[in-house]
Amino acid sequence: QVQLVESGGGLVQTGGSLRLSCTASGGIVSIVTMGWFRQAPGKQRELAAQITSGGTTTYADSVKGRFTISRDNAKNAVYLQMNSLKPEDTAVYYCWSIVVSYTTLRPGDYWGQGTQVTVSS
């Protein structure tokens, strides 16, 4: 069964940096896209950044120029480097991936358990 495991959240001051990591494992045929969503208290979950298997990236306007997404296809891993963090970046960050698994042999959405990022003012 496909699992996504995240690490790297925490507490940081305004202007600081954090790096999130996520590794996918378990019956993977191929990974189409990997990315990060975030959900702040009282708000809907939103896409922060995503990267395709070919390396095409997409960012939310609110993080452009501050966040950088990258992936290591050999390790089935995705990373989010977050710089110049602001209090409004405070949220639970969820790793997300579209994966073709041996179980289904078709693309499906998979989610990590979430990691808290808190930016203090």
Side-chain angles (χ1 to χ4, degrees):
Q1 185 173 353
V2 177
Q3 290 186 320
L4 303 182
V5 178
E6 305 132 332
S7 62
L11 173 65
V12 65
Q13 292 185 332
T14 296
S17 298
L18 283 174
R19 185 175 187 250
L20 305 182
S21 301
C22 172
T23 301
S25 63
I28 296 171
V29 175
S30 63
I31 297 178
V32 178
T33 298
M34 300 189 82
W36 295 90
F37 278 72
R38 65 183 185 178
Q39 187 167 19
K43 295 188 177 181
Q44 288 189 329
R45 191 174 297 189
E46 63 174 5
L47 177 68
Q50 66 175 2
I51 183 168
T52 68
S53 58
T56 300
T57 58
T58 304
Y59 294 95
D61 288 343
S62 57
V63 308
K64 282 180 181 177
R66 300 187 298 120
F67 290 10
T68 302
I69 190 168
S70 61
R71 64 187 282 180
D72 185 331
N73 290 333
K75 296 182 179 179
N76 290 336
V78 64
Y79 310 97
L80 188 66
Q81 178 66 42
M82 304 184 293
N83 298 328
S84 302
L85 282 161
K86 305 175 181 180
E88 50 264 45
D89 294 317
T90 295
V92 178
Y93 284 70
Y94 296 91
C95 181
W96 159 78
S97 184
I98 298 177
V99 176
V100 178
S101 70
Y102 282 108
T103 302
T104 64
L105 295 178
R106 60 188 181 190
D109 288 274
Y110 295 88
W111 296 88
Q113 78 283 0
T115 185
Q116 178 70 46
V117 171
T118 302
V119 184
S120 63
S121 57

Asker: With side chains defined as the heavy atoms from C-beta onward, is the minimum distance between Ser97 and Leu4 less than 4.5 Å?
Answerer: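 Yes, their side chains come closer than 4.5 Å.
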Asker: Hey, could you give me the CD/CG distance between Gln81 and Leu18, rounded to the nearest 0.5 Å?
Answerer: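 Gln81 atom CD to Leu18 atom CG measures 8.5 Å (nearest 0.5 Å).
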Asker: For residues Gly112 and Tyr94, report the shortest heavy-atom separation together with the two atoms involved.
Answerer: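 Smallest interatomic distance, heavy atoms only, reads O-CD2, 3.7 Å.
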Asker: Could you check whether any side-chain N or O of Thr90 sits under 3.5 Å from a backbone N or O of Val119, counting only pairs where one atom can act as donor and the other as acceptor?
Answerer: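 Yes: the side chain of Thr90 pairs with the backbone of Val119.
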Asker: Using 30° and 60° as the class boundaries, would you call the ring planes of Phe67 and Tyr93 parallel, tilted or perpendicular?
Answerer: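 Geometry flag for Tyr93 against Phe67: tilted rings.
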Asker: Check whether any side-chain heavy atom of Ile31 lies under 4.5 Å from a side-chain heavy atom of Ser53, and answer yes or no.
Answerer: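 No, their side chains stay 4.5 Å or more apart.
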Asker: If you compare all heavy atoms of Ala60 against all heavy atoms of Leu47, which two are closest, and at what distance to 0.1 Å?
Answerer: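 Of all heavy-atom pairs spanning Ala60 and Leu47, the closest is CB-O, 3.4 Å.
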Asker: Any non-hydrogen side-chain atom of Asp89 less than 4.5 Å from a side-chain atom of Met82?
Answerer: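 The answer is no; the side chains never approach within 4.5 Å.
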Asker: Among Trp36, Tyr110, Phe37, which residue satisfies the ring-ring contact (aromatic ring centres under 6.0 Å, His included) criterion with Trp96?
Answerer: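 The single option meeting the ring-ring contact (aromatic ring centres under 6.0 Å, His included) with Trp96 is Phe37.
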Asker: Tell me whether Ser101 contacts the main-chain N or O of Ile28 through its side chain, where contact means a donor paired with an acceptor under 3.5 Å.
Answerer: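 Checked: no pair found.
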Asker: Is a side-chain donor or acceptor of Glu46 paired with a backbone partner of Arg38 at a separation under 3.5 angstrom?
Answerer: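 No, because the side chain of Glu46 does not come within donor-acceptor range (under 3.5 Å) of the backbone of Arg38.
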Asker: If you look at every heavy atom in Val78 and Cys95, which pair is closest and at what distance?
Answerer: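 Scanning both residues, the minimum pair turns out to be CG1-SG, 3.9 Å.
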Asker: To the closest 0.5 Å, what do you measure between CD (Glu88) and CG (Leu85)?
Answerer: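 If I round to the nearest 0.5 Å, the distance is 10.0 Å.
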Asker: Determine, for Lys64 against Asp61, whether the closest basic-nitrogen to carboxylate-oxygen distance falls under 4.0 angstrom.
Answerer: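 Salt bridge: yes.
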Asker: So which atom in Leu105 and which in Val100 form the shortest heavy-atom distance, rounded to 0.1 Å?
Answerer: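 Minimum heavy-atom separation between Leu105 and Val100: C-CG1, 3.8 Å.
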Asker: Report the distance from atom CD1 of Ile98 to atom OG1 of Thr33, rounding to the nearest 0.5 Å.
Answerer: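 Going from the CD1 atom of Ile98 to the OG1 atom of Thr33 covers 4.5 Å.
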Asker: Give, for atom SG of Cys22 and atom NZ of Lys75, the distance between the pair rounded to the nearest 0.5 Å.
Answerer: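 Rounded to the nearest 0.5 Å, the SG-NZ separation comes out at 14.0 Å.
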Asker: Quick one: does any side-chain atom of Tyr59 pair with a main-chain N or O of Arg66 as donor and acceptor, under 3.5 Å?
Answerer: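 Not at all, since once roles are kept as given, no pair shorter than 3.5 Å links the two residues.
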Asker: Taking Thr58 for the side chain and Ala49 for the main chain, is one N or O donor matched with an acceptor at less than 3.5 Å?
Answerer: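 The answer is no, because no donor-acceptor pair under 3.5 Å joins these two groups.
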Asker: Can you tell me how far CG of Leu80 sits from CE of Met34, rounded to the nearest 0.5 angstrom?
Answerer: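 The distance works out to 12.0 Å.
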Asker: For Gln39, does the CD atom sit with more than 12 other heavy atoms under 6.0 Å from it, leaving out its own atoms?
Answerer: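 More than 12 within 6.0 Å, yes.
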Asker: Looking only at heavy atoms, which two atoms of Ser17 and Ser84 are closest? And how far apart?
Answerer: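 For Ser17 and Ser84, the tightest heavy-atom pair comes out as OG-N, 4.4 Å.
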Asker: For the side chain of Glu6 and the backbone of Gln113, is there at least one donor-acceptor N/O pair under 3.5 Å apart?
Answerer: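 Yes.
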Asker: Give, for atom OG of Ser121 and atom CD of Gln13, the distance between the pair rounded to the nearest 0.5 Å.
Answerer: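 The CD atom of Gln13 is 9.5 Å from OG of Ser121, to the nearest 0.5 Å.
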Asker: Is it possible for you to check whether Arg45 lies under 6.0 Å from the centre of the six-membered ring of Trp111, through NZ or CZ, and within 45° of that ring's axis?
Answerer: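 Arg45 over Trp111 ring: yes.
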Asker: So, do Val5 and Ser25 sit near enough that their side-chain heavy atoms are less than 4.5 Å apart?
Answerer: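 The answer is no, as the side chains (C-beta and beyond) never meet within the 4.5 Å cut-off.
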